[in-house]
Amino acid sequence: MLATVWLIVTLIFLAFVLQPVGLGAQLLYATCTIGSMALIHAIKLRHPMWRHVFVVMGCAVALRYLYWRWTNTLPDSDQLASFIAGYLLFFAELYAIGMLFISTIVNSDPVKRKPVQLSGTRGNYPSVDIFIPSYNEDDDILGTTLAAAANLRYPAEKLNVYLLDDGGTDQKCNSDDPVARQSARNRKERLQAFCAELGIHYITRARNEMAKAGNLNEGLKHSTGDLVVVFDADHAPTREFLEKTVGYFQVDPKLFLVQTPHQFLNPDPIEKNLDTYRFMPSENEMFYSVTQKGLDKWDATFFCGSAAVLRREALETVGGFNGVSITEDCETALELHARGWSSAYVDEPMIAGFQPETFDTFLTQRSRWCQGMMQILLLRLPMFRKGLKPMQRLAYLSSMLFWLFPLSRFIFVFSPVLYIFFDLQIYHATFQEFLAYTCTYMVAATIMQNYLFGRVRWPWISETYEYVQSFALSRVIFSTLRNPRKPVFKVTDKGLSLEEDSFSSHGWSLLIAFIVLLATFLNGMYRLWLDGMTNELLMVVTIWSFFNLVLGGLGLGAAAERKQRRRHYRMDYTTPLLTGILTIDGEQVGCELDNLAIGGLAVVAKASEALPAAISGKLGSISIAKKDNPDHTLYTFNVVVRSSTAQGGERRIGLGLHASTAMDRRVLAGIMFPDNSQLVKLRDGRQKSRPVLYGTFIILQWSAYQAWRGMSAALRSLLGRSSKDKAAPEPAPLSNR
């Protein structure tokens with residue numbers, strides 16, 4: 001009965017959308033609809049009923065535009081070049097509108113799950129195995145994650161932590177390259193000693209086969225826990241992670257997955273290079289704060305590779321972690337959903353992770369994700385996968401088809417070039433039709449995105465991220481289409497530093513594109529001036545080319561690398577429970593903790609207290625105590641002074657750990673990640689919505705400045721004045737006693 005009602009309503013809706021009307025009536029209808037949407041948005045009506053009303057109105061405007069494009073604007077087949085170019089553009093728009101519709105359906109009613117606490121006696125808790133797969137990560141980063149995992153609050157007899165070291169396999173330790181062989185053996189020895197001190201199991205294997213999936217499956221062979229938790233090597237958990245996730249498995253015997261968000265302490269390279277990290281939501285927030293909750297509504301939340309708990313019994317039904325694709329996480333979730341298992345998403349940031357530091361490594365990471373999703377789409381066929389519910393099919397299809405965005409973005413960006421320079425008739429429309437249909441559709445789509453995702457995604461930021469990735473990912477898509485069964489797993493380097501500003505090796509294609517887009521816009525303006533502004537279609541395409549030029553300017557800024565000498569990012573210390581006594585050259589001063597990093601800490605001392613004037617590079621120690629019992633030392637770190645700056649009546653001192661032990665790491669991790677309150681504060685402090693007009697104005701300003709900055713960086717690089725990216729020196733051993 002319900003299906004019949006929906007069918008009738010849908011047919012009535014389509015009949016209304018497809019009604020032919022004059023331009024005046026269309027403009028009036030679209031303007032009134034957009035006005036109603038803007039009103040709902042402005043007075044913050046967020047009830048599911050209003051969300052559905054809002055989405056339906058936006059979809060109606062989009063469908064009327066699509067019907068008009070199909071019936072009135074496509075070129076005739078007698079002009080073959082224009083016909084092909086015009087239909088490519090139409091299919092790109094069809095893809096974009098289709099993804100808009102799917103996204104609104106998936107995110108129509110995001111789920112906010114209620115907390116589920118652990119129940120029963122401690123002896124009845126599920127046993128848990130923590131897997132930390134590793135390959136070539138920085139020692140400080142990996143050591144902090146291992147120490148934080150060892151700190152998790154859970155009955156010791158029910159918890160085992162495993163380092164799954166693919167950097168110490170027999171294959172790597174017996175490499176034909178003597179340098180690589182010795183490096184692998186040294187690393188393996190360090191990690192084995194570190195794990196032994198923390199009570200962590202060290203596991204490696206014979207060969208590096210099936211990448212991360214093979215490594216995780218090796219862990220399954222050596223463990224027996226009821227639940228398996230996966231943390232990437234650069235994802236340090238807060239102490240309550242298991243307390244806030246394991247309970248869900250106690251109440252739902254068919255639950256195979258509890259996924260939590262990935263929270264990062266550092267900006268991604270685009271945020272860093274555009275200098276937006278301090279005030280704008282991260283790009284990943286749209287996925288983790290909205291989309292995953294939307295997927296949870298349809299029991300389609302998928303495994304994201306880390307910060308997740310999985311049921312061993314479920315994994316065994318599909319032979320462990322699947323490795324047909326290089327995105328074993330989503331592939332495994334797809335198989336388990338098809339077997340009737342269910343998933344849950346808990347929107348609690350409880351891991352502190354690190355993002356790639358350079359534009360090149362960012363693209364390496366995204367290329368891997370794109371290739372893996374394309375492999376699943378081609379090899380696993382989610383739309384036809386037996387066992388999936390209809391909405392699960394749509395949800396998985398949405399997650400995979402999303403990665404085709406480079407193709408449509410390329411077409412949108414370069415179609416004006418075909419008209420202005422080659423006179424291909426790709427789009428037949430008058431300026432009045434452009435206003436009545438195209439402009440109103442673009443405004444409605446932008447308002448829809450701002451309404452659904454405004455708190456986590458500012459206007460035009462999605463388009464910017466798509467544009468800067470399109471050149472690299474387009475090659476990945478075509479390569480995967482040619483041979484989907486030939487995965488190439490590239491590990492994303494973390495913990496890199498840049499000594500000087502530079503221009504990314506991937507930036508040259510963006511620079512060439514910017515020059516082409518600038519020439520297109522200027523040529524369009526020149527031809528309009530010659531025609532006396534009478535060529536309406538040329539006016540439309542020139543306006544279109546201007547927005548492409550805005551994206552081009554932002555792309556240049558994203559490729560202009562800012563120097564980054566700090567390898568490890570810091571967290572502000574906001575728990576006023578601890579104090580410190582710093583000892584340098586036999587002199588002691590009281591100090592307060594200011595911020596913490598995985599390799600050290602910063603403190604603030606009174607400038608008037610006795611300390612040598614020049615202390616940078618000196619060795620010393622800092623004793624930590626509770627403020628309410630300062631005479632009782634809780635722990636003492638050996639430190640080296642990295643920096644010392646006097647400000648007013650205070651002295652700010654940066655300290656690095658010196659000759660650190662595994663216990664040093666464990667204590668520091670406990671101070672850094674006692675709970676997730678700081679991570680929640682970090683996330684929520686940046687989730688601020690911006691109105692569409694304000695966001696557009698800001699983007700125009702950013703584009704002009706970033707275009708200049710990017711061209712300057714490219715010119716310096718051509719003249720040989722900028723240094724190449726420099727990786728940080730060989731990390732200090734985890735344990736050096």
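Nothing here was measured: the structure is a model prediction, and the numbers come from that model. No hydrogens, no waters, no symmetry mates; every other heavy atom, side chains included, goes into these values.
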Does any part of the side chain of [Y], heavy atoms only, come nearer than 4.5 Å to the side chain of [X], both counted from C-beta?
X	Y	answer
Leu227	Ser127	no
Val468	Leu551	no
Trp341	Glu313	yes
Leu401	Met99	yes
Ile270	Phe362	yes
Phe303	Leu336	no
Asn284	His262	no
Leu397	Leu377	yes

Could you label the plane-to-plane angle of the [X] and [Y] rings as parallel, tilted or perpendicular, counting under 30° as parallel and over 60° as perpendicular?
X	Y	value
Trp68	Tyr65	tilted
Tyr345	Tyr288	parallel
Tyr467	Phe471	perpendicular
Trp403	Phe405	tilted

Cation over ring face, Arg46 and Tyr451, 6.0 Å, 45°: yes

With sequence neighbours excluded, residues passing salt bridge (charged side-chain N to carboxylate O under 4.0 Å, His left out) with Arg455: none

Between [X] and [Y], does at least one N-O distance fall below 4.0 Å, as a salt bridge requires?
X	Y	answer
Arg683	Asp347	yes
Arg153	Asp675	no
Glu348	Lys244	yes

Phe287/Phe302 aromatic ring centres below 6.0 Å: yes

